[in-house]
2 protein chains.
Amino acid sequence: MRSYKQHCGLATALDLVGDRWTLLIVRELLIRGGCRYTDLQKGLPGIATNLLAERLRELESAGIVAREEAPPPVATTLFRLTERGRALEPAILQLGLWGAPLLARGAKGAATQPHWLVLPLKIFLKDRTPRERDASIEVRAGRESLAIELSSGAVKVRLGAPEQADATVTGKPEKLLEFFAGKLDKAAASAAGIAIEGARDVLARIVPSVA
Amino acid sequence: MRSYKQHCGLATALDLVGDRWTLLIVRELLIRGGCRYTDLQKGLPGIATNLLAERLRELESAGIVAREEAPPPVATTLFRLTERGRALEPAILQLGLWGAPLLARGAKGAATQPHWLVLPLKIFLKDRTPRERDASIEVRAGRESLAIELSSGAVKVRLGAPEQADATVTGKPEKLLEFFAGKLDKAAASAAGIAIEGARDVLARIVPSVA
DNA sequence: CCGGATCCGGGTTGATACTG
DNA sequence: CAGTATCAACCCGGATCCGG
């Protein structure tokens, strides 16, 4: 394995996760939890299969990913982050935050997948009225759903629909991102095809422009 | 320029700074401020000169680095981070923090440079008694000095000697890192060749094991 | 379908030499 | 000092194939 051979935290981190595709693989596993090989391929459009296989081997031997033989009904191998792998989340969130402003002028031909919304929402959603009751919001994009859960001041975001949603927001992923970032007022949101159902006041706790 | 073509903050960030050596160049500029080309080469042992030149061009066109023609007495071009470039600091600190635990078992043959201490110290030094008076500490490693400045609860770390130091710590970079991380007790520190001069109580505000 | 392995063309990297 | 030029070795991406 190639190394920078520098006695520096950043350099040793990059020795392990600085290769092309590596951090994006960790991103997928952070968002989705346990993944099959083909789930990873779908979430990483453009990756060559040999690279995915090789990166997974490297990540496994670095103790960042663990391979797990799932029993039926799954009956296949699952890839999962170890504790050490999950510890990369703050670094990945910061990098994503830095890159977010460039996202506006969408690179032409860029792929978009709804579940990529999870990380940005994790960073910039804050409960503006934390003392109110617990609530949950469903975000629908394409055929995927995200759950936003407000509980005692904390905002949790995860893949999958909430058990029971106080409000539902539907739209295209790019537009949803702008919407939750507060860049769309009411008129712009509905013009962008964003539909809101249910309790608007719950939504207003995290998106000022809804109020 | 190669791109992941994914509409995701992390992916676009890596499009710009995910290439080999790129984040390490940013690290150098974060620590040292304006740099000459050869300063960068010294701080990045192992980089090929053509790669350094190419990365600097890419960083410049991405708006992360600015080239500046310095007047005499410097009379050469300086490379400096833009505002956008300095905004990478949180991400770099988090990545360095993640990599730090691996630093303990030093990769054999790894280069060590004193100024690389600046980033780790920036993260994990905290003033444990913030209400006391302002103070400053000089850290000497080889022929380079760092300044640690305590001011109203904040800890600032930068390259260069402080104007006037209340205490001075001298040693090898690797050992100094362990020392400031609190992994060395008094005996271990002096056995490791770490020398402390001046006001020990000032040092104890940031390093518990000195007390 | 799932989880890869293999092969190949082209692009990137790294070491060295050289230049204004 | 601040790079460019050259070239070999390696890595990446795409396509194809293969055993469960």
Side-chain angles (χ1 to χ4, degrees), chain A residues 1-6 11 14-25 28-29 32 34-61 65-80 107 109-111, chain B residues 1-6 11 14-25 28-29 32 34-62 65-80 109-111:
Chain A
M1 179 175 288
R2 187 165 49 170
S3 163
Y4 288 109
K5 295 196 178 166
Q6 297 185 5
L14 292 176
D15 282 343
L16 294 185
V17 298
D19 279 345
R20 196 161 163 71
W21 291 107
T22 304
L23 276 180
L24 293 183
I25 294 174
E28 280 309 294
L29 292 169
R32 313 181 88 110
C35 269
R36 291 175 302 180
Y37 188 88
T38 39
D39 295 335
L40 288 171
Q41 271 187 309
K42 282 177 208 152
L44 297 164
I47 195 172
T49 172
N50 58 345
L51 279 189
L52 179 54
E54 184 179 339
R55 293 290 180 268
L56 285 170
R57 269 197 306 273
E58 293 168 354
L59 285 169
E60 198 183 349
S61 80
V65 160
R67 192 178 299 244
E68 170 186 325
E69 298 297 329
V74 185
T76 183
T77 59
L78 289 182
F79 298 90
R80 199 178 287 282
Chain B
M1 180 176 289
R2 189 163 50 171
S3 162
Y4 288 111
K5 296 197 177 166
Q6 297 186 5
L14 292 176
D15 282 343
L16 295 185
V17 298
D19 278 344
R20 196 161 163 73
W21 291 107
T22 304
L23 276 181
L24 293 183
I25 294 173
E28 279 313 291
L29 292 169
R32 311 182 89 111
C35 270
R36 291 175 301 180
Y37 189 87
T38 38
D39 295 335
L40 288 171
Q41 270 187 311
K42 282 178 210 153
L44 297 164
I47 195 173
T49 174
N50 57 345
L51 278 189
L52 178 54
E54 185 178 340
R55 292 291 180 269
L56 284 170
R57 268 197 305 275
E58 292 168 356
L59 285 168
E60 196 182 351
S61 80
V65 160
R67 190 179 302 244
E68 170 187 323
E69 299 297 330
V74 185
T76 182
T77 59
L78 288 182
F79 297 90
R80 198 178 288 280

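Below, chain A is the first sequence line, B the second, and so on; all start at residue 1. Every value quoted in this text rests on a predicted model; they were computed, and no experiment measured them.
Contact of Thr49(A) with dG4(C) (side chain to base): a donor-acceptor pair of N or O atoms is detected under 3.5 Å. You won't find any donor-acceptor pair under 3.5 Å spanning the side chain of Asn50(B) and the base of dG3(D), going by distance alone.
Between Arg20(A) atom CZ and dG14(D) atom C1' there is a gap of 14 Å when expressed in whole angstrom units. Rounded to whole angstrom, the span from the CG atom of Leu51(B) across to the P atom of dA15(C) amounts to 9 Å. Rounded to an integer number of Å, the gap from CG of Leu24(A) to C1' of dG13(D) is 15 Å. Summarising the geometry, the separation between CG on Leu56(B) and P on dT4(D) is reported as 10 Å, rounded to the nearest angstrom. Protein atom CZ of Arg2(A) is 11 Å distant from nucleotide atom P of dC10(D), rounded to whole Å. For Gln41(A) and dG13(D), the CD to P distance is 14 Å, given to the nearest whole Å. Atom pair Ile47(A):CD1 and dC11(D):C1' shows a separation of 14 Å (rounding to whole Å applied). Protein atom CG of Leu52(A) is 13 Å distant from nucleotide atom P of dC12(D), rounded to whole Å.
Contact between the side-chain N/O atoms of Arg57(B) and the OP1/OP2 oxygens of dT4(D) is found at a separation under 4.0 Å. Distances shown here put every side-chain N or O of Arg67(A) at or beyond 4.0 Å from the OP1 or OP2 atom of dG3(C). Distances shorter than 4.0 Å separate none of the side-chain N or O atoms of Thr38(A) from OP1 or OP2 on dC1(C). At least one side-chain nitrogen or oxygen of Arg55(A) sits closer than 4.0 Å to the OP1 or OP2 atom of dC12(D).
To the nearest 0.5 Å, the span separating OG1 on Thr49(A) from CG on Leu44(A) amounts to 11.5 Å. Here the straight-line distance linking atom CZ of Arg2(B) with atom CG of Asp19(B) works out to 6.5 Å at 0.5 Å rounding.
Judged by the 6.0 Å distance and 45° axis criteria, Arg20(A) is positioned over the aromatic ring of Tyr4(B).
A salt bridge between Arg57(A) and Glu54(A) is absent, with no side-chain N of the basic residue lying under 4.0 Å from a carboxylate O of the acidic one.
Among dG4(C), dA15(C), dC2(C), the nucleotide with an atom closest to any side-chain atom of Ala48(B) is dA15(C). In the set dA5(C), dC1(D), dG3(D), dG3(D) carries the atom at the smallest distance from any side-chain atom of Ala53(B).
In this structure, Val65(B) and Ile25(B) have side chains that are not in contact, with every pair of non-hydrogen atoms separated by 4.5 Å or more.
In this structure, a donor-acceptor pair under 3.5 Å is absent between the side chains of Thr76(A) and Tyr37(A).
Here the closest non-hydrogen pair linking Gln41(A) and Leu52(A) is CG-CD2, 3.5 Å.
Overall bending of the helix from dC1(C)-dG20(D) to dG20(C)-dC1(D), expressed as the angle between end axes built from five pairs apiece, is 30° (10° steps).
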